[in-house]
There are 2 protein chains.
Amino acid sequence: MPAAAHPIDPSAEAGAAPAFSPLYQQIKALLTRSLQGGEWKPGEAIPSELELAARFKVSQGTVRKAIDELAAEGLLVRRQGKGTFVATHAEQHVKYRFLRLTPEEGGVPPVERRVLDCRRQRAPADVARALELKSGEAAVLVRRLLSAQGQPVVLDDIWLPGALFKGLSAERLSGWRGPMYEMFESEFGVRMIRAEEQIRAVAADAATAQWLMLETGAPLLSVERLSRTYGDKPVELRRGLYNTAHHYYRNELS
Amino acid sequence: MPAAAHPIDPSAEAGAAPAFSPLYQQIKALLTRSLQGGEWKPGEAIPSELELAARFKVSQGTVRKAIDELAAEGLLVRRQGKGTFVATHAEQHVKYRFLRLTPEEGGVPPVERRVLDCRRQRAPADVARALELKSGEAAVLVRRLLSAQGQPVVLDDIWLPGALFKGLSAERLSGWRGPMYEMFESEFGVRMIRAEEQIRAVAADAATAQWLMLETGAPLLSVERLSRTYGDKPVELRRGLYNTAHHYYRNELS
DNA sequence: TAGTGGTCTAGACCACATG
DNA sequence: ATGTGGTCTAGACCACTAC
C-alpha cells in the first residue's frame with residue numbers, strides 16, 4: 001500500500017480504477033477521466049494546480065507530477081502565468097504533429113485538399129477489426145487528394161466509425177478550413193491523441209496512378225495509420241499513398 | 001537571476017555554459033558534459049542522487065529533476081534500488097530502438113547480416129556535408145545485406161567519419177555478435193543518442209534488385225538516417241533500402 | 001496587485017536490491 | 001541493515017500574465 005497515508009477511494013468519483021498505484025498516478029487517471037468525460041473541453045483551461053490539490057486532498061506537487069505526465073503525452077498544455085489547457089489540434093504548433101510529409105528544399109507541403117468521395121457503408125472485415133466495430137456496422141469512407149502547387153501528392157482513404165461521425169458529408173469536409181483533426185474535434189467531439197503507423201513501399205495501381213498523375217507501377221509510400229482517442233479507443237483508419245518524388249516522410253528516433 | 005540563491009559558477013567545473021538557466025538545467029548540462037567526457041562509461045552507474053547533490057551543492061530534488069530529463073532522453077537508465085546507469089545499446093530493451101522494421105504476422109525480423117564491403121575513401125560532397133567533414137576527408141563506407149530466413153530484406157550503405165573509426169574492417173564487422181551500435185560504442189567509443197530519418201519510396205535499380213532478389217523497378221522503402229552523438233554531432237549517415245513485401249516500418253505518433 | 005505555473009528546498013517515508 | 005531510487009508533503013520564492 002504505497003500511498004496509505006492519503007488513499008483515494010476509486011469508487012468515490014468513478015467506477016473501477018487502478019486501485020493502489022502511486023498517488024500521482026491515481027490523480028492522473030482521474031484527470032484523464034475528466035478529460036474523456038468532457039468536463040473540460042479542448043482549448044479550455046483546467047482548474048489551477050492549487051484548486052486540484054484541494055479537490056483531491058493532495059499536495060500541489062503531487063498534482064503537478066500528474067499534470068506533467070499528461071503534458072508530456074500531449075493531452076494538456078501548460079502556459080506559465082495563464083494556466084493549464086486542454087490540448088487541441090487547432091494550435092499552430094501541433095498542426096504538423098500528424099503530418100510528417102515534408103517538402104524537399106524549397107518546396108511546399110501538400111495543403112490543397114480535394115474531397116473525392118464521402119460515403120456511408122458497412123465496414124469491410126479488416127476495417128471493422130481495426131476500428132473494433134461489429135461486423136457489418138456502419139462506417140464512413142472519405143477519399144481525398146492532397147496537392148502541392150497543383151501537383152497531386154497524397155491519395156488518402158479514411159475510415160471512420162459511422163456512429164461517431166453522423167452528419168459528415170463531402171460538403172462539410174470541403175467547406176472546412178484548417179486541419180481535418182481540428183474538425184473532428186470541434187464538430188464531432190472526437191479528439192485523436194495517439195496513432196500507430198505501418199509504412200511500406202508499394203507500386204501504384206492503374207487507378208491510383210491516374211489520380212496522382214504517375215505511371216502505373218510507380219513506387220509510392222503506403223502509410224496505414226490507426227488513430228486512437230482517450231482510452232486508446234481506435235477511431236480512424238487512414239490509408240495514404242504518398243508520391244515521394246518531391247516530398248519525404250520525416251521521422252526522429254531517440 | 002532565477003537561481004540566485006545557489007548559483008553554479010560555470011567556469012568552476014568547465015568552460016562557457018548556458019549561464020543563467022534553472023539550476024536543474026545547469027546540473028543537467030554538467031552531467032551531460034561528464035557523460036560526453038567519459039567520466040562514466042556506458043553501462044556503469046553514475047554517483048547516487050545524494051552524492052551528486054552534495055557535489056553540486058544543491059538539493060536531491062534538483063539533481064533528481066536533471067536526471068529525470070536525461071533518463072527521458074534515453075541517456076541514463078534508472079533502476080530502483082540499484083542506481084542510475086549510463087544507457088548502452090547492449091541493453092535488451094533498447095536493442096530495437098533504432099530498428100523499426102517489423103515482420104508481418106508470424107514472420108521474423110531481418111537479423112542475418114552479411115558484410116558486402118568495407119572500405120576507406122574520401123567522403124563524397126553530400127556525405128561530407130551531412131557528417132560535417134572537410135571536403136575530401138577520409139570516411140568509411142560499409143555495405144551490408146540483412147536477411148530474414150535466408151531472404152534478403154535490407155541493403156544498407158553506412159558512412160562513418162574515418163577519424164573516429166580507425167581499424168574498422170569487414171572482418172571485425174563480420175565477427176561481431178550483436179547490434180552494430182553496440183560495437184561502435186564499445187570498440188570505438190561512439191555512442192548514438194539520436195537520429196533523424198527521411199523516408200521515401202523508390203524503384204529498385206538493377207544492382208539493388210539483384211542483391212535483394214527482386215525485379216528491377218520493384219518498389220523499395222528508402223530510409224536515410226543521420227545519427228548523432230553527444231552535442232548533436234553527426235557520426236553516421238545510413239542509407240537503407242528495404243523490401244517491404246513481408247516487413248513494414250512501424251512508427252508511433254503522439 | 002493577484003493568480004498562475006516554474007523552481008528549489010528539506011525532510012519524511014516507501015519499495016527494491018544487496019549483503 | 002544499508003543504500004538506492006520513488007513518492008509525498010509543506011512551504012518559500014521566482015517569472016509570467018492579466019487586470
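Every chain is numbered from 1 and lettered A, B, ... according to where its sequence line falls, protein lines coming before strand lines.
- Residues forming a side chain to side chain contact (heavy atoms under 4.5 Å, CB included) with E73(B) (at least two apart in sequence, or on another chain): K28(B), L70(B), L75(B).
- Under the side chain to side chain donor-acceptor pair (under 3.5 Å) criterion, R239(B) pairs with D126(B), E224(B), sequence neighbours left out.
- Following rounding to the nearest Å, K28(A) (NZ) and dT7(D) (C1') show an atom-to-atom distance of 15 Å.
- Counting to the nearest Å, the P atom of dC8(D) and the CD1 atom of I27(A) are 9 Å from each other.
- Separating the CD atom of E69(A) from the C1' atom of dG6(D) is a distance of 12 Å, rounded to the nearest angstrom.
- With sequence neighbours left out, the side chain to side chain contact (heavy atoms under 4.5 Å, CB included) criterion links R225(B) to L253(A), F98(B), Y181(B), A195(B), E197(B), S227(B), E236(B), R238(B).
- Toward the 5' end of DNA chain C, the nearer of the two residues Q60(B) and R64(A), judged by each one's closest nucleotide, is R64(A).
- Distance I67(A) CD1 to dG5(C) P: 7 Å, rounded to the nearest Å.
- Taking every side-chain heavy atom of S59(B) into account, dA10(C) is the closest of dG6(D), dG6(C), dA10(C).
- Geometric assessment of R78(A) against the ring of F85(A) yields a negative cation-pi assignment under the 6.0 Å and 45° thresholds.
- Between L76(B) atom CG and dG6(D) atom P the separation is 12 Å, expressed in whole Å.
- Contact annotation: T62(A) side-chain N/O to dT7(D) OP1/OP2 distance is not under 4.0 Å.
- Distance L70(A) CG to dG5(C) P: 14 Å, rounded to the nearest Å.
- Taking atom CG of residue L52(B) and atom C1' of nucleotide dT4(D), one finds them 12 Å apart after rounding to whole Å.
- Annotation: side chain to side chain contact (heavy atoms under 4.5 Å, CB included) contacts of T244(A) (sequence neighbours excluded): L221(A), Y242(A), R200(B), A201(B).
- Counting to the nearest Å, the P atom of dA15(D) and the CD atom of Q25(B) are 16 Å from each other.
- Listed pair K65(A) / dC8(D) fails the phosphate criterion, with no side-chain N or O lying under 4.0 Å from OP1 or OP2.
- Ring-plane geometry between F165(B) and F188(B) is classed as tilted, the angle between the planes lying from 30 to 60 degrees on a 0 to 90 degree scale.
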Atom pairs, protein N/O to nucleotides 1-4 of chain C N/O, distance under 3.5 Å:
residue	atom	partner	partner atom	Å
dG3(C)	N2	G81(A)	O	2.9
dT4(C)	O2	G81(A)	N	3.4

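- With sequence neighbours left out, the salt bridge (Lys or Arg N to Asp or Glu O under 4.0 Å) criterion links E196(B) to R228(B).
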